[in-house]
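Being a predicted model, the structure only gives us computed values, none of them experimental. Throughout, residue positions are numbered sequentially from 1 according to the sequence presented. Counting starts at 1 for both ligands and their atoms, in listed order.
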Amino acid sequence: MLRGRTLMEHPAGSPSHPVRDVVDYELLFDCVHCGLCLEACPTYKVTRAEMDSPRGRVYLMKALAEGRLALDDDAARHLDLCLGCRGCETACPSGVRYGRLIEDARAFVEKNYARRRADRLVRRLVGIVFPYPRRLRAMLAPLRLAERLRMRGLVTLALSGRPREWMELLPPLCKAPGPQTSTETAYAPAPGAPAVAVHHGCVTQVLADSENLNSERVLAAAGYRITKLRTTVCCGALDLHSGNLKRARQFARANVREIIRSGADAIVSAASGCSSAIAEYGELLKDDPEFAADARAVSAKLRELSSLVLERGAPRFREMRCTVTYHDACHLAHGLGVREAPRKLLKSIPGLRLIEMPESDMCCGSAGSYNLTEPAMARQLAQRKAERALATKARYVVLANPGCEFQIAAELRRRRSRAEVIHLADFLAMALER
Ligand code: SF4
Ligand code: SF4
């Protein structure tokens with residue numbers, strides 16, 4: 001039986017059954033077309049086109065599933081332009097599982113749509129390099145050298161088009177690790193403290209490893225026992241968002257095996273997209289008889305840094321007289337529902353003043369590899385975010401996702417702003433009493 005389906009939704013002569021396996025068809029009927037999600041959707045805010053809204057995309061998926069619409073350039077474009085930010089899920093009163101729908105729709109597009117060569121190449125490059133830290137390090141080695149020789153600016157100027165946009169997004173590659181990034185923590189775990197493992201991710205361990213190490217440091221300061229994973233492979237989020245469910249499952253299995261082996265009571269990631277992906281392992285591997293139970297167990301262990309820290313009481317912070325604004329990373333706010341804990345922890349730092357920015361939970365355009373594949377829309381959203389963050393005049397823009405950090409920092413650099421974009425873990429580590 002189809003839930004919530006009415007005759008009015010299927011005028012005479014229109015198909016009302018799926019002829020193609022695009023998404024879980026039943027889920028489409030949760031949408032009652034109320035439109036309450038429209039103003040929460042970043043792409044709709046920019047284009048004002050119904051087909052770039054969640055409601056429009058749900059309609060599009062249904063038309064594709066029922067064979068009333070061909071998967072042509074237009075249809076693929078509207079689906080590609082979705083950030084997968086899940087802002088619509090938060091706004092939806094009807095419980096539409098949009099995140100799940102768009103992941104399946106993306107897999108359908110990847111299987112059935114012939115992309116243009118340039119688009120195919122970009123996506124392929126992202127897919128074969130980014131999930132593998134060694135490959136990413138090798139690809140970035142010449143740039144690291146250029147940076148050491150203080151020639152990165154020149155290299156950037158010599159580029160144009162997409163390579164230049166990509167270059168501008170990259171954070172500094174030769175940051176000297178400050179004392180706060182030391183793995184040697186001075187904190188003894190409290191007796192009987194739960195063991196926490198930090199999943200170091202793929203891109204994060206290459207471009208923002210301080211965020212992993214400082215997550216461990218802050219957790220240790222809160223009294224947790226830190227346990228290291230022997231191996232860390234990509235969490236699979238990049239593949240989930242780009243329709244490669246097969247490889248996402250392979251990565252998920254490897255992570256499930258290692259997390260279970262580690263004996264960790266909780267698992268934390270410095271990247272909100274990775275947290276959200278790990279939280280979905282139970283669903284992703286539910287039909288895998290060998291891994292289903294362990295995947296559910298791992299998903300249940302997934303925790304967010306600040307909530308976990310607050311459970312044991314905030315550690316001792318030194319006074320930091322500064323102003324901070326907080327950007328909600330999509331997968332943290334909309335995926336995991338974490339909004340209050342990071343703010344509460346920040347406000348517990350003596351002297352700190354938190355100034356809220358409008359639309360703090362609207363996507364900045366980073367969205368995994370979206371800013372690499374859809375640079376025009378991503379840039380518009382980065383500009384919107386930068387304007388709102390800068391209007392607060394805060395000294396720091398704090399966030400809990402490296403992708404958002406690179407995206408917003410790049411936009412602030414373009415504006416020659418002195419505001420500093422910093423990951424929550426790095427900020428908290430900086431504030432710890434020594
Ligand atoms: S996931 Fe984000 S971009 Fe996509 S439809 Fe929902 S709100 Fe819009
Ligand atoms: S808010 Fe939910 S039910 Fe309403 S149009 Fe959007 S997705 Fe459909």
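Taking the centre and axis of the six-membered ring of Y59, the NZ or CZ atom of R68 falls inside the cone set by 45° and 6.0 Å. With a 6.0 Å cutoff to the six-membered ring centre and a 45° limit on the axis angle, R135 counts as a cation-pi contact of Y132.
Atoms of ligand 1 found under 4.0 Å from any heavy atom of G84 (numbered from 1 in listed order, with element): 1 (S), 4 (Fe). Residue contact check: C41 has heavy atoms under 4.0 Å from atoms 3 (S), 5 (S), 7 (S), 8 (Fe) of ligand 1. In summary, the atoms of ligand 1 found under 4.0 Å from a heavy atom of Y98, numbered by their order in the structure, are 1 (S), 4 (Fe), 5 (S), 6 (Fe).
For atom 6 (Fe) of ligand 1, the closest non-hydrogen atom on the protein side is C88 SG, 2.4 Å. The single protein non-hydrogen atom nearest to atom 2 (Fe) of ligand 1 is C85 SG, 2.3 Å, given as residue, atom name and distance. Protein heavy atom at the shortest distance from atom 4 (Fe) of ligand 1 is C82 SG, 2.3 Å. Considering only non-hydrogen protein atoms, atom 3 (S) of ligand 1 sits nearest to L83 N, 3.4 Å.
Using the six-membered ring where Trp is involved, F427 and Y396 have ring planes that are perpendicular, over 60° apart on the 30 and 60° scheme.
One finds a salt bridge joining R384 and E359 here, because a Lys/Arg side-chain nitrogen approaches an Asp/Glu carboxylate oxygen to under 4.0 Å.
Around atom 4 (Fe) of ligand 2, the protein N, O or S atoms found under 2.8 Å comprise C34 SG.
Under the side chain to side chain donor-acceptor pair (under 3.5 Å) rule, Y25 has a single partner from R20, E66, H17, which is E66.
Remark: among candidates E89, R57, R86, H78, the nearest residue to atom 1 (S) of ligand 1 is R86, based on non-hydrogen atoms.
A donor-acceptor contact closer than 3.5 angstrom links the side chains of N255 and H199.
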